[in-house]
Amino acid sequence: SCLFGGGFLGGCYSYLNGSRAQRQTFDRLSEIEVMNRALGDMSALDYSFELMLNEKEPLTKEKFREKIYASEPECIRDREVDFLFDLLDYSDDGVINKDDFESF
């Protein structure tokens, strides 16, 4: 009974403290910042679409990253490049193909 009461008290404290909600909020805020930086640099986004359309072979994440950084984007980081790659990899097969965009 004491163990249950202590566990219940700990659960209530955690809920009232909101540490889990705060952590989830910070995680979501971080995701929004990544999206904002990735989509805010339109030259990198434009360049990524040009890459996708001009490549004869599928683009892997590493090759995509190399080509994006070769375009010398203003303020894009690995997280933003990963976000753009995942956004363009419509089939979730780890490569960007022209076939991924036939439905558009």
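Just so you know, these numbers come straight off a predicted model, no measurement behind them.
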- request: Mind listing the closest non-hydrogen atom pair of D89 and V95 along with its distance?
  value: OD1-O, 2.8 Å

- line: Applying salt bridge (Lys or Arg N to Asp or Glu O under 4.0 Å) to R65 and not counting sequence neighbours gives D78, D82

- prompt: Taking the side chain as C-beta and beyond, is there a heavy-atom pair between K63 and P58 under 4.5 Å?
  reply: no

message: Once rounded to the nearest 0.5 Å, what's the spacing between atom CG of D86 and atom NZ of K61?
response: 4.5 Å

query: Is any side-chain heavy atom of Y90 closer than 4.5 Å to a side-chain heavy atom of I96?
result: no

field: Interatomic spacing from CZ in F85 to CD in E62 - rounded to 0.5 Å
entry: 8.0 Å

Within-4.5 Å side-chain heavy-atom neighbours: E80 and L84: no

message: For E31, give me all partners under salt bridge (Lys or Arg N to Asp or Glu O under 4.0 Å), at least two apart in sequence or on another chain.
response: R28

